[in-house]
Amino acid sequence: MKNGFQRAREEEERMGRTVQSCPFRMKYHIMPPVGWLNDPNGLCRFRGEFHAYFQYSPLSVHGGGGYWGHCVSRDLLHWDYRDPVLTTDIPEDRSGVYSGSALIEEDSMYLFYTGNVKLPGEYDYIDEGRVSTQLMVESADGQKMSEKIKVLGMEDYPQDITQHVRDPKVWKEDGSYYMVLGARARAWNREGKRRDKGGVLIYRSEDKRHWELYR
């Protein structure tokens with residue numbers, strides 16, 4: 001059975017020449033060889049190169065968070081495309097490897113991202129049917145990734161937060177690690193009608209693996 005990376009490579013080979021000949025392709029901006037491009041993720045400088053990851057769907061131009069694409073540069077002008085580094089290959093991210101960030105520490109890169117799961121059935125995918133998990137991988141070169149580690153799950157979010165929790169941004173400050181997550185909180189207006197609000201969750205950790213709600 002083909003894995004996600006094999007399917008991506010085959011589609012890039014199949015459609016690559018057709019897409020490369022398109023007169024509308026960008027000359028000074030990052031574009032993947034085929035398919036759909038979305039959020040930039042994990043922008044960083046590591047081992048003398050700039051790394052730009054991004055939401056990528058080589059299998060469909062209609063979108064989806066199936067991959068993290070990857071480009072590198074030494075001058076922020078000329079970019080080389082590399083193979084995707086993440087795809088949907090564990091139960092916690094089977095519906096999408098959503099956006100996140102990179103943390104550089106000593107000789108390692110740590111990528112944090114949201115694994116999305118949409119359960120089959122009649123759900124609103126706001127209060128029911130969605131599972132949002134925060135995951136971490138480690139890399140020594142920015143391309144080959146370690147096994148995925150779950151660092152936060154639905155059980156770790158406040159009770160007033162819906163199932164929309166995503167896009168971790170992580171940094172280190174005064175010896176501790178901090179993670180910011182975008183979230184959707186349940187709220188009602190004066191007439192009692194549902195009017196949810198956007199919010200931010202902040203978590204703190206001492207080791208990047210075990211996190212507690214900070215505020």
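Just so it is clear, the model here is predicted, and its values are computed rather than measured.
If you take NZ on Lys172 and OH on Tyr110, they are separated by 9.5 Å, rounding to the nearest 0.5 Å. Rounded to the nearest 0.5 angstrom, Arg7 CZ and Asn3 CG are separated by 7.0 Å. Residue Ser73 holds its OG atom at 10.0 Å from NE2 of His51, rounded to the nearest 0.5 Å. Here the CD1-NZ distance, from Ile90 to Lys148, works out to 5.0 Å after rounding to the nearest 0.5 Å. For the atom pair CG of Asp124 and CD1 of Ile126, the computed distance is 5.0 Å after rounding to the nearest 0.5 Å. Rounded to the nearest 0.5 angstrom, Ser60 OG and Glu11 CD are separated by 9.5 Å.
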One pair to check against salt bridge (charged side-chain N to carboxylate O under 4.0 Å, His left out): Arg194 and Asp127. What are the steps and the verdict? CA-CA 12 Å; Arg194 183 78 175 263; Asp127 292 313; 3.0 Å; yes
Do Ser139 and Asp141 pass the side chain to side chain donor-acceptor pair (under 3.5 Å) test, and can you show the C-alpha distance, the side-chain angles, and the key distance before you say yes or no? CA-CA 6 Å; Ser139 178; Asp141 61 5; 3.1 Å; yes
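Residues Ser205 and Met179 are not in side-chain contact: their nearest non-hydrogen atoms beyond the backbone lie 4.5 Å or more apart. Side chains of Lys208 and Glu105 form a contact here, defined as non-hydrogen atoms less than 4.5 Å apart. Counting only heavy atoms from C-beta outward, the side chains of Val117 and Asp93 never approach each other to under 4.5 Å. You'll find the side chain of Tyr53 stays beyond 4.5 Å of the side chain of Gln55, heavy atoms only. At least one side-chain heavy atom of Gln143 sits less than 4.5 Å from a side-chain heavy atom of His70. Proximity of Leu103 to Phe112: side-chain heavy atoms (C-beta onward) are separated by under 4.5 Å at one or more points. With a 4.5 Å cut-off on side-chain heavy atoms, Leu152 and Thr133 do not count as touching. Side-chain contact between Val137 and Leu86 is present, with heavy atoms from C-beta onward closer than 4.5 Å.
The ring-ring contact (aromatic ring centres under 6.0 Å, His included) contacts involving residues 133-182 comprise Trp171-Tyr178, Tyr178-Tyr214, where partners must be two or more places apart or lie in separate chains. Each salt bridge (Lys or Arg N to Asp or Glu O under 4.0 Å) pair with one or both residues in residues 60-85, not counting sequence neighbours, appears once here: Arg9-Asp83, Glu49-Arg82. For the side chain to side chain donor-acceptor pair (under 3.5 Å) condition, no pair includes a residue of residues 15-24, sequence neighbours left out.
Transitive grouping of hydrophobic side chains (ILVMFWY, heavy atoms separated by less than 4.5 Å) brings Phe46 and Tyr113 into a common cluster. Put simply, Tyr123 and Val131 are part of the same group of oily side chains (I, L, V, M, F, W, Y) that touch within less than 4.5 Å, one to the next. Linking Ile, Leu, Val, Met, Phe, Trp and Tyr residues whenever their side-chain heavy atoms come within less than 4.5 Å places Trp68 and Met145 in a single cluster.
Of all non-hydrogen atoms in Thr162 and Ala185, the two that sit nearest each other are CG2-C, 4.4 Å. Residues Pro168 and Ser101 come closest through the heavy atom pair O-OG, 2.9 Å. What you find for Thr88 and Ser95 is that their closest heavy atoms are CG2-C, 4.4 Å.
A salt bridge links Asp196 with Arg184: at least one charged nitrogen is closer than 4.0 Å to a carboxylate oxygen.
Counting only N and O atoms by type, the side chains of Arg166 and Asn116 include no donor and acceptor under 3.5 Å apart. Side-chain polar atoms of Thr114 and Gln134 form a donor-acceptor pair below 3.5 angstrom. Side chain to side chain, Ser132 and Gln163 fail the donor-acceptor criterion of an N or O pair below 3.5 Å.
Leu37 shares a hydrophobic cluster with Met15, Val19, Ile30, Val34, Phe50, Phe54, Tyr56, Leu59, Tyr67, Leu76, Trp79, Tyr81; the chain of contacts runs through ILVMFWY side chains whose heavy atoms sit under 4.5 Å apart.
Judged purely by atom type and a 3.5 angstrom limit, Arg47 uses its side chain to pair as donor or acceptor with the backbone of Asp107.
Atom CD of Glu212 is surrounded by 12 or fewer heavy atoms from other residues, nucleotides or ligands within 6.0 Å. The number of heavy atoms from other shown groups lying within 6.0 Å of CD (Glu155) is above 12.
Partners of Arg195 under the salt bridge (charged side-chain N to carboxylate O under 4.0 Å, His left out) rule, at least two apart in sequence or in another chain, do not exist in this structure. Evaluation of the side-chain hydrogen bond (donor to acceptor under 3.5 Å, both in side chains) rule for Ser99 yields Asp39, Asn41 as partners, not counting sequence neighbours.
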